[in-house]
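Predicted model only: the values in this text are computed from it and were never measured.
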Amino acid sequence: MKFFIDTADLDEIREAASWGVLSGVTTNPSLYARTGGRLADFEPHVVRICEACEGLPVSAESTAETTEGMVAEGRRLAALAPNVVVKLPVCEESLPACHALAAEGVRVNMTLVFSAPQALLAARAGARYVSPFVGRFDDVADDGLAQLETVVDAVRNYDYGWWDEEGGPEIIAASVRTPNHVTQAALMGADIATVPLAALRRCVRHPLTSEGLAKFAADWKKVTEG
């Protein structure tokens, strides 16, 4: 499984990249707003993220609401850097936009996917990445992992022919919040988990690891002070 970081914060991206585990970045308007950024700095900020990632895919989301607007904004975003992936929310307007952009060689990440039919339509339209959400199902007392498994199974049944050389479309488990989400997504065969830095840190930690480190430190102290 590949790990993307779900953030627009440059410091978080650089920290995750320093671990040697980062394979990409996903952003969205809400994540950019949390940085305190303004509209005029949005595209320069995307470029800075792309530079910090050294060629790894960076999903930058269109905020247009029409097909024509999505295509125009998608082209503009894709021109910012060669590693930009245009992110579109799955809807009737975005499917033809995805189809048009993919035909031009622009990679598209179809997001806000909550069902297998949405994922299948996105894949058929030419999406390079399909992003089914997990945690937001949990917020409404539904089983996000079961929904993710359905999407993975359905999409894997077919060959879409758009991205043969790269093996796409790849499935990004999104809205991932816990180490168990990562574990189950990996067991299902999701290609990627996009994870906030806080959740990525939780994946590193385990109480038994902490206990073991404390025991090693205490025993070594006896050696050095003995």
Side-chain angles (χ1 to χ4, degrees), residues 4 6-8 24-33 37 39 42-43 45-46 49-50 57-137 139-140 142 144 147-148 150-164 166-176 190-194:
F4 286 9
D6 194 35
T7 185
V25 178
T26 55
T27 69
N28 61 44
S30 297
L31 292 173
Y32 178 66
L39 178 60
F42 173 67
E43 291 185 4
H45 190 78
V46 171
I49 291 175
C50 290
V58 174
S59 288
E61 187 160 349
S62 169
T63 57
E65 297 181 354
T66 66
T67 298
E68 294 76 12
M70 290 176 188
V71 171
E73 190 171 1
R75 288 171 178 158
R76 188 169 66 251
L77 289 170
L80 294 175
N83 50 325
V84 166
V85 176
V86 176
K87 198 174 183 185
L88 300 176
V90 64
C91 60
E92 291 179 30
E93 292 76 16
S94 68
L95 288 171
C98 176
H99 184 68
L101 290 168
E104 296 175 11
V106 175
R107 293 175 295 174
V108 176
N109 175 1
M110 291 290 271
T111 189
L112 289 175
V113 172
F114 289 96
S115 72
Q118 288 179 321
L120 291 165
L121 288 166
R124 186 59 63 190
R128 177 65 181 83
Y129 302 96
V130 177
S131 293
F133 278 43
V134 177
R136 294 196 192 186
F137 272 112
D139 292 343
V140 294
D142 203 345
Q147 298 289 346
L148 174 63
T150 299
V151 168
V152 171
D153 289 345
V155 171
R156 287 289 179 265
N157 277 336
Y158 304 98
D159 177 9
Y160 300 93
W162 280 97
W163 302 99
D164 289 339
E166 298 182 67
E170 290 188 272
I171 297 172
I172 303 177
S175 187
V176 167
D191 301 287
I192 300 158
T194 187

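C91 contributes atom SG, which lies 9.5 Å from atom CD of Q118 (distance to the nearest 0.5 angstrom). Rounding to the nearest 0.5 Å places SG of C50 at 4.0 Å from CG of N83. Taking CZ from F4 and CD from E170, the interatomic distance works out to 6.5 Å, rounded to the nearest 0.5 Å. Separation of atoms OG1 (T67) and CG (L95) is listed at 8.5 Å; rounding is to 0.5 Å. Rounding to the nearest 0.5 Å places OG of S62 at 9.0 Å from CG of L101. Within the model, atoms OG of S59 and CZ of R128 stand 11.0 Å from one another, a figure rounded to the nearest 0.5 Å.
Summarising the geometry of L112 relative to P89, their closest heavy-atom pair is CD1-CB, 3.9 Å, with the distance given to 0.1 Å. Nearest heavy atom pair, residue V106 against residue A78, reads CG1-CB, 3.9 Å. When all heavy atoms of A60 and V84 are compared, the pair lying nearest together is CB-CG1, 4.5 Å. Taking both residues in full, the closest heavy atoms of S30 and N28 are given as N-OD1, 3.0 Å, listed atom of the first, atom of the second, then distance. The shortest heavy-atom contact between A123 and P169 is CB-CG, 3.8 Å. In plain terms, the two heavy atoms of P57 and R107 that are nearest each other are CB-NH1, 4.1 Å.
For the 3.5 Å distance criterion, the side chains of T26 and T194 qualify, holding a donor opposite an acceptor.
Around atom CD of E65, no more than 12 heavy atoms belonging to other residues, nucleotides or ligands sit under 6.0 Å away.
Not a single donor-acceptor pair under 3.5 Å links the side chain of E93 to the backbone N or O of T66. Within the 3.5 Å criterion, the main-chain N or O of A8 finds a donor-acceptor partner in the side chain of H45. A donor-acceptor pair under 3.5 Å is formed between the side chain of D191 and the backbone N or O of I171. For E73 (side chain) and M70 (main-chain N/O), no donor-acceptor pair under 3.5 Å exists by modelled atom type. In terms of modelled atom types and a separation under 3.5 Å, the side chain of K87 and the main chain of T27 share a donor-acceptor contact. For Y160 (side chain) and V155 (main-chain N/O), a donor-acceptor pair under 3.5 Å exists by modelled atom type. The backbone N or O of A97 sits nowhere less than 3.5 Å from a side-chain atom of S94 that would complete a donor-acceptor pair.
Looking at heavy atoms from C-beta onward, V152 lies out of side-chain contact with T150 at the 4.5 angstrom threshold. For the pair M110/S131, no side-chain contact is recorded, criterion being any heavy-atom separation below 4.5 Å from C-beta on. Side-chain atoms of L77 and F42, non-hydrogen and from C-beta on, do get closer than 4.5 Å to each other. The shortest distance between side-chain heavy atoms of S115 and Q147 does not fall below 4.5 Å.
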Q: Starting from the C-alpha separation in whole Å, work towards a yes-or-no answer on side chain to side chain contact (heavy atoms under 4.5 Å, CB included) for V85 and V58.
A: CA-CA 6 Å; V85 176; V58 174; over 6 Å; no
Q | Stepwise side chain to side chain contact (heavy atoms under 4.5 Å, CB included) test for V46 and I49 | A | CA-CA 5 Å; V46 171; I49 291 175; 5.5 Å; no
Q: Evaluate the criterion side chain to side chain contact (heavy atoms under 4.5 Å, CB included) for residue pair T111 and E61; output intermediate values, then yes/no.
A: CA-CA 9 Å; T111 189; E61 187 160 349; 4.0 Å; yes
(Q) Does N157 form a side chain to side chain contact (heavy atoms under 4.5 Å, CB included) with D153? I'd like the steps, not just the answer. (A) CA-CA 7 Å; N157 277 336; D153 289 345; 5.6 Å; no
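Ring-plane geometry between F133 and F114 is classed as tilted, the angle between the planes lying from 30 to 60 degrees on a 0 to 90 degree scale.
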